[in-house]
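Letters A, B, ... mirror the listed sequences (proteins, then strands); counts begin at 1. Note that the coordinates shown come from a computational prediction; the quantities given were computed from them, not determined experimentally.
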Amino acid sequence: MRDFSSSPDLQEPPTVSEAQLLSVLDTAADGIIVIDERARILIFNKACEQMFGIASVEAVGQNVKIVMPVEYAHDHDKYVGSYIRTGVKKIIGIGREVRGLHADGTVFPLELSVGEAATPDGRQFIGILRDLRPRKESEQRLADLQSELVHLARVSAIDEMGAAIAHELNQPLTALMLYLQAIRRAHSRGMDINAMVGDILDKAAAEAERAGHIIQRMRQFVEKREPVRSVRDIDPMVDEAIELTLLGQRHRIRVEREFAGDLPPVAVDPVQIQQIVVNLVRNAIEAAAPTGDPAIRVRTRLRDGNVVIEVHDNGPGIAAPALPKLFEAFASSKRRGMGLGLAISRTIAQNHGGDLLVDPGGNGKGACFSLVLPVAPPPVPSEVG
Amino acid sequence: MRVHVVEDDAGVSDSLSLILANLGHDVISYPDAESLFRSPPPDGSDTVIVDLTLPGIPGAQVVRWLLKMAAVPRVVVITGQSQSAIDHQLRGLTPAGVVRKPLTVEALARALPAS
C-alpha cells in the first residue's frame, strides 16, 4: 500500500480547479470531510470547522477519529480496514445516524452519508454530515407540545365535570360531619354511647376514605407527568376510567360492562388510554341522556389480533353532516368544553399504533366508538451484538 | 316529631337518621321518591327532608307534590348542587328550607321547627 504522507501531490499548491472545488466545498451548508484509505483527513470544509470547533488547517492530515466520540473512534480504523479488505458496505452509500464530538467535548447526533471515489492517489471516502440537533429539538418541542395538549384536555375534562364531582365529594363529607356531630352531642350530654360509638366511628372512617378515593382518582388523572408506556391488562384500566367518569355524572344511567376478561396485555400509557375511555363514556352518556331509558355498553374484546374497546350508546346516533368533522379539533357542536376530546383521543390512539373508529349508528341505533390497540409484543431477551 | 328522609346516598341517609334521632325525632328513611309515594303520606305536622338528586323521579318533583298536599308538611331540601342549579330546579317552589351539603347539625336544626 502506498504511503500518502509522503505523496508529492499533497505538498504541491492546489491547481486552479482544485482551488475552485475547495471554495465550493466551503460554501456548502453540510459538513464535508474527505479522507484517504488510512482515514487521514484530506479536506475539512468550513461547515465542519463550525460543527466541530476545529480549524481546517489543524484537522487536515489527522485521523478522522478526532471528530468522533471514543466509542466510535476506537473501532473506526478497523471498519475502514475491513471495508478495504472485504468490500462489504456497512455505511457507504447507505447513510446513518451517528454521533460527533465537538472540540469542547459535546457529543451530538449527526446524519452521516459516505461516498467513495477511486482517485489516482488511491481510494478516498467523502463524508457528508448534517448536525441533527435542530431537527431533534423541534421533534422534542413537538412531542412536548403534544403531551401538554393531552394534559390540558384531561384537566378540561375534570373541569367540565367539576360541579358534579364537588357534589360527589359532598356526600361523604356530609355523612362524616353528621356522624362526628352525633357522637359530640351524645358525649356532651353525658349519654352512655359506649355501645355504639365504635360502630359510628367505623362508619365515619369509611366515609372519610370514600372522600379520599374520589380525590385520589381525580389526582391520578390530572397530574402532570411524562407519558410512560407499560404493559398492562386493559379491563381493569377501562373499569377504573368508567368509575371516574360516573363520579362526574349528574345523570343516572345504566352502564353495562362486557369485559372479555382474558385479553392479551397492551403496551400503553394507562392515563392516556383512560383519558380516551373517559372521553368516550362521557360522550356516550351525553348522547343517551335525552332518551327515556339512557344506557351505555362498554365492551372489550379481541379482533384481528388487536384489543378493541367499544363504547355503545342508545342515543339517536351521529347525524351524517357532523360525521366528516367529528375528529377535528374545535369543530364540536357542544357549547361546553374545547371540542378537543375526540381529536386528542384519536391522536393518542394513533400514537399507540392503534386507532379510534366510529360507527355512527342512526335509524334507531346509537353510535359506537371503537378504540383499537395493538397487542403488546411478547417480551424478547435483549439482543446480543 | 316525625321526620321523613328521602335520600339515595346510604352514608348520608344513615348519618342523617342518626343525628335526627339524636335530636329527638322519629325518622323514616326512603332511598328514592318512589318508595315515599308507596308509603302512607306525611301529614301536616311532619317534616320531609328531600335530596334534590334522586334516582328516578327527581327531588324537585317530590317537593312539588308535597307542597300541593291538603295538609302541607314542612319541606326541607338538601343538596350539594350549585345555587344556579338549585334555583333552576326549584322554580316557583318555596320549600321551608334549603340546606346545602355538606350538612351540619346546626344548619339542620335551624331548618327544622323548634320541638
Side-chain angles (χ1 to χ4, degrees), chain A residues 159-193 195-214 246-255 289 292-295, chain B residues 3 5-25 27 29 31-34 49-61 76-89 98-112:
Chain A
D159 182 49
E160 287 161 36
M161 297 193 283
I165 287 174
H167 175 255
E168 205 61 33
L169 263 179
N170 259 326
Q171 307 285 40
L173 287 180
T174 291
L176 180 56
M177 177 78 87
L178 294 180
Y179 282 133
L180 292 178
Q181 288 186 325
I183 296 175
R184 175 75 256 176
R185 281 177 58 86
H187 176 75
S188 58
R189 289 173 180 203
M191 286 160 65
D192 178 19
I193 52 167
M196 53 191 304
V197 75
D199 183 40
I200 297 176
L201 285 177
D202 283 347
K203 287 183 187 170
E207 293 297 333
E209 210 171 300
R210 183 173 143 204
H213 278 311
I214 295 170
L246 293 181
L247 265 189
Q249 277 314 314
R250 218 170 293 224
H251 309 289
R252 306 279 165 174
I253 188 155
R254 265 189 303 124
V255 180
D293 180 23
Chain B
V3 181
V5 176
V6 193
E7 163 68 66
D8 65 312
D9 187 278
V12 173
S13 177
D14 183 64
S15 58
L16 204 48
S17 312
L18 182 74
I19 199 86
L20 290 169
N22 206 317
L23 289 166
H25 301 297
V27 185
S29 304
D32 49 31
E34 288 81 347
I49 297 180
V50 184
D51 182 28
L52 273 191
T53 316
L54 291 174
I57 299 173
Q61 210 159 311
V76 175
V77 167
I78 55 173
T79 179
Q81 294 182 31
S82 67
Q83 190 60 55
S84 61
I86 298 170
D87 292 344
H88 178 75
Q89 290 172 75
V98 176
V99 186
R100 294 177 69 176
K101 292 177 182 174
L103 304 174
T104 63
V105 65
E106 295 79 16
L108 266 180
R110 275 197 300 277
L112 295 174

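With sequence neighbours left out, B:R100 forms a salt bridge (charged side-chain N to carboxylate O under 4.0 Å, His left out) with no residue at all.
A donor-acceptor distance shorter than 3.5 angstrom exists from the side chain of B:N22 to the backbone of A:A182, with no hydrogens or angles considered. With hydrogens and angles disregarded, no donor-acceptor distance shorter than 3.5 Å links the side chain of B:S17 to the backbone of B:V27. With hydrogens and angles ignored, the 3.5 Å screen pairs no side-chain donor or acceptor of B:D8 with any backbone N or O of B:P55.
A heavy-atom distance below 4.5 Å is found between the side chains of B:V105 and B:L23.
Only the side chain of B:D9 has a heavy atom closer than 4.5 Å to any heavy atom of chain A. Looking at B:I78, neither its backbone nor its side chain comes within 4.5 Å of chain A, counting heavy atoms on both sides.
For residues 198-210 of chain A, the interface with chain B (any heavy-atom pair closer than 4.5 Å) comprises A:I200, A:K203, A:E207, A:R210, sorted by residue number.
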Handout entry: Steps toward side-chain contact (heavy atoms from CB on, under 4.5 Å) verdict (B:L18, B:L16)
Key = CA-CA 5 Å; B:L18 182 74; B:L16 204 48; over 6 Å; no
Exercise for the section: Apply side-chain hydrogen bond (donor to acceptor under 3.5 Å, both in side chains) to B:T53 and B:Q81, showing your working. Expected result: CA-CA 9 Å; B:T53 316; B:Q81 294 182 31; 2.7 Å; yes
